[in-house]
Amino acid sequence: MNAALPATEEAARAADADDPGWRDHFVVPPAEGGHYAEAAYLVGNSLGLQPKAAPSMVLDELDSWAKRGVEGFFEGDRPWLPNPQQLAESAARLVGALPRETVVMNSLTVNLHLLMVSFYRPHGERTRILIEDTAFPSDSYAVRSQARFHGLDPDQAVVRLRARTGEQHLRTEDIVDLLAREGHTYALVLLGGVNYQTGQLMDIPAITRAGQAAGAVVGWDLAHAAGNVPLHLHDWGVDFAAWCTYKYLNSGPGAPGAAFIHERHLRNRDLQRFEGWWGTDVQTRFLMEPVSQPPESADAWQISTPCALALAPMRAALDVFDKAGMATLRERSLRLTGYLAGLIEEITPGRPITMITPHDPAQRGSQLSLRVTEGTAGELVRRLRSGHGVMTDAREPDVVRVAPAALYSTYHDCWRFADALTHVFPSK
Ligand SMILES: *Cc1c(COP(=O)(O)O)cnc(C)c1O
C-alpha cells in the first residue's frame, strides 16, 4: 500500500496517522531551518534518537549511587551486578541468539579485537581474513592490526572483496565461489551484515555456510544490522558477531557494544581469551581467586566492571524494542523505506542522483544511499539541513545516506527529504 501512496504531503500525513510506529517514545531534535518544528531525522543509522525514558533511568542510577554507595551493585530496583545480563536477554531477542550466547560490554571495535583473539588463529596456509572493500574503516584497521599481531603482512593477509566492475553490490554467488576456490587459505571471514555505505543486506546464512564449509571461522559486524533487520544468529550457526548499540538501537553516544558467540564454542576450553575478573563466574567473582573460572557463556569474554550510567539509556531503548518486536519493526521498516524508495525513484529523472542501495527490499534494511554527481555529498547534506531541517549524512565525496528508522521515523520525514531534494536540485 505505502510504496504506492501518492507523493503528496497530505498522503504522507495520513499514512502517519495509520502507521505511527513508536515515535512518542523518543525525543526528536528541533528542525532549526525550514517550515517545520521538528527535524526530519533520517540519521538513526548513525546515532539513534534519545528514548524519553532515558534521563530518568540515568538519574535512577545516580540516585542509587547516592543512596546506597557500593551496595548499589546488589540492591535497589536495578542492581548493577545483574544489569548487563538482563540487558543481554533483550539484546539476544533482537539478534536471534540465546541469552547465554550474548553479552553487553565494551564497544564495537574493542569487541571485534577480543573476538579475534579467540577466533582469528592463523596457521599453516590458512592465514587470510576476508572483508569487504567497503568495510567500515575501523574494521579494516582492526583486521590489519590483528594480522600484524600474528607476524603477518596485512597487505597479504587481508583480502578485500570488490563488486564486479560497473556494479555497486557484492553478489553472494561470487563470495561463495571465492570461498569454494580459495577457502583453504582463509582463517576468518568478517563482513558487515548491512554495509554501512551501500546499505546492502548480505545473505548472512549462505555466506556463513560457505565460509564454514571451507574451514574458516565466520564472524559478522552487525553495527548496521542489529535493530534494523531480523537476525537468527543461533539458527544460522554464525560463529561470532559484534555490534554497537548507539545506531538503530538508540542507546546513546558511545553506549556499550554487544557480542554473540555461538553456543558450540562456549564449552571449548581450548579457545584463547583475554581475561579479567568480570569474566569469571558471578558466583566466584568476589572470592578473589588467583585463577578465573569462566562460565560457559558469552559472559566469559567480559573483562572489567561495566558502567552502570552508560547502561541506563540502553535499558530505556531495549524496553521499546521488547514492546515492538523485531518482526513487527521490520514490517514497518519495509513500508517506510519502500515509500521513500518510491519517492526517490519519482524525482530521480533529470536530477544528479542515483540510488546505490539494492532495489530489492529483501537485500536492504532501512537505509537508502544515493550517489550525487553534482557538487559533493557534504554540500547536499548541509543544504538539506540548513534550508529544510532534514538530517541525512554524507560519506564523502559522493554518497548521501538516508535511513528512516522503523521505531520513530515518519512518512512525513521521508516526504520532506524528497521535497527538499527537489528544491536543492530543481529538475532540468
Ligand atoms: C559504526 C561502526 C563502527 C564503529 O565502531 P566503534 O568501535 O563503536 O566506534 C564499526 N564498524 C562498523 C561496521 C560500523 O558501522
Side-chain angles (χ1 to χ4, degrees), residues 42-49 84 87 91 94-95 102-117 119-120 129-146 158 160-161 169-170 188-202 204 207 218-229 231 233 238 240-260 274 301-304 306-307 310-311 313-314 317 356-357 364-369 377 391-396 399-403 405:
L42 298 167
V43 279
N45 56 337
S46 189
L47 183 71
L49 288 180
L87 287 164
L94 278 175
V95 297
T102 313
V103 57
V104 170
M105 60 180 188
N106 311 312
S107 50
L108 171 52
T109 313
V110 172
N111 288 338
L112 287 176
H113 276 299
L114 294 176
L115 291 163
M116 281 192 278
V117 165
F119 295 108
Y120 176 54
I129 307 174
L130 186 65
I131 64 170
E132 327 87 306
D133 196 37
T134 53
F136 193 84
S138 198
D139 300 43
S140 182
Y141 308 156
V143 297
R144 289 178 59 85
S145 66
Q146 285 282 333
V158 177
R160 309 181 71 95
L161 273 169
H169 315 122
L170 295 167
L188 175 64
V189 176
L190 182 61
L191 302 175
V194 172
N195 185 269
Y196 85 103
Q197 188 164 38
T198 64
Q200 179 182 13
L201 167 59
M202 305 301 288
I204 298 175
I207 295 167
V218 183
W220 291 90
D221 182 325
L222 301 175
H224 283 264
N228 180 13
V229 293
L231 299 163
L233 300 184
V238 163
F240 72 88
W243 58 99
C244 52
T245 63
Y246 49 80
K247 293 173 180 169
Y248 291 99
L249 296 180
N250 309 300
S251 302
F260 162 89
F274 285 171
W301 273 260
Q302 290 186 102
I303 293 181
S304 43
C307 174
L311 291 172
M314 194 186 300
I356 61 168
T357 304
R364 67 189 186 204
S366 302
Q367 174 186 328
L368 300 178
S369 300
M391 295 175 72
T392 58
D393 84 357
R395 295 291 116 169
E396 297 286 26
V399 175
V400 173
R401 306 185 305 170
V402 191

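Order of listing sets the numbers, starting from 1, for every ligand and every atom in it. Both backbone and side-chain heavy atoms feed into the values below; hydrogens, waters and symmetry mates do not. Small disclaimer: the values here were computed from a predicted structure and weren't measured.
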For the CD atom of Gln367 and the CG atom of Asp393, what is their distance to the nearest 0.5 Å?
7.5 Å
Output for pair (Leu368 CG, Thr392 OG1), nearest 0.5 Å, gives 12.0 Å
Is the ring pair Trp301/Phe119 parallel, tilted or perpendicular, if the boundaries are 30 and 60 degrees?
parallel
Heavy atom under 4.0 Å from ligand 1: found in Thr109's side chain, backbone, both, or neither?
both
Hey, is Leu108 touching ligand 1 through its side chain, its backbone, both or neither, going by heavy atoms under 4.0 Å?
both
Atoms of ligand 1, numbered as shown, that sit under 4.0 Å from any heavy atom of [X]:
{"X": "His224", "answer": "15 (O)"}
{"X": "Asp139", "answer": "10 (C), 11 (N), 12 (C), 13 (C)"}
{"X": "Tyr246", "answer": "1 (C), 4 (C), 5 (O), 6 (P), 8 (O), 9 (O)"}

Exam field: side chain Thr245 to backbone Ser251, donor-acceptor pair closer than 3.5 Å:
no
Which residue is it: Leu115, Leu190, Leu188? I am looking for the one with a side chain to side chain contact (heavy atoms under 4.5 Å, CB included) to Tyr120.
Leu188
When you compare the side chain of Ser369 with that of Arg395, does any pair of heavy atoms fall below 4.5 Å?
no
Geometric N/O contact [X] with ligand 1, under 3.5 angstrom:
{"X": "Ser107", "result": "no"}
{"X": "Ser138", "result": "no"}
{"X": "Lys247", "result": "yes"}

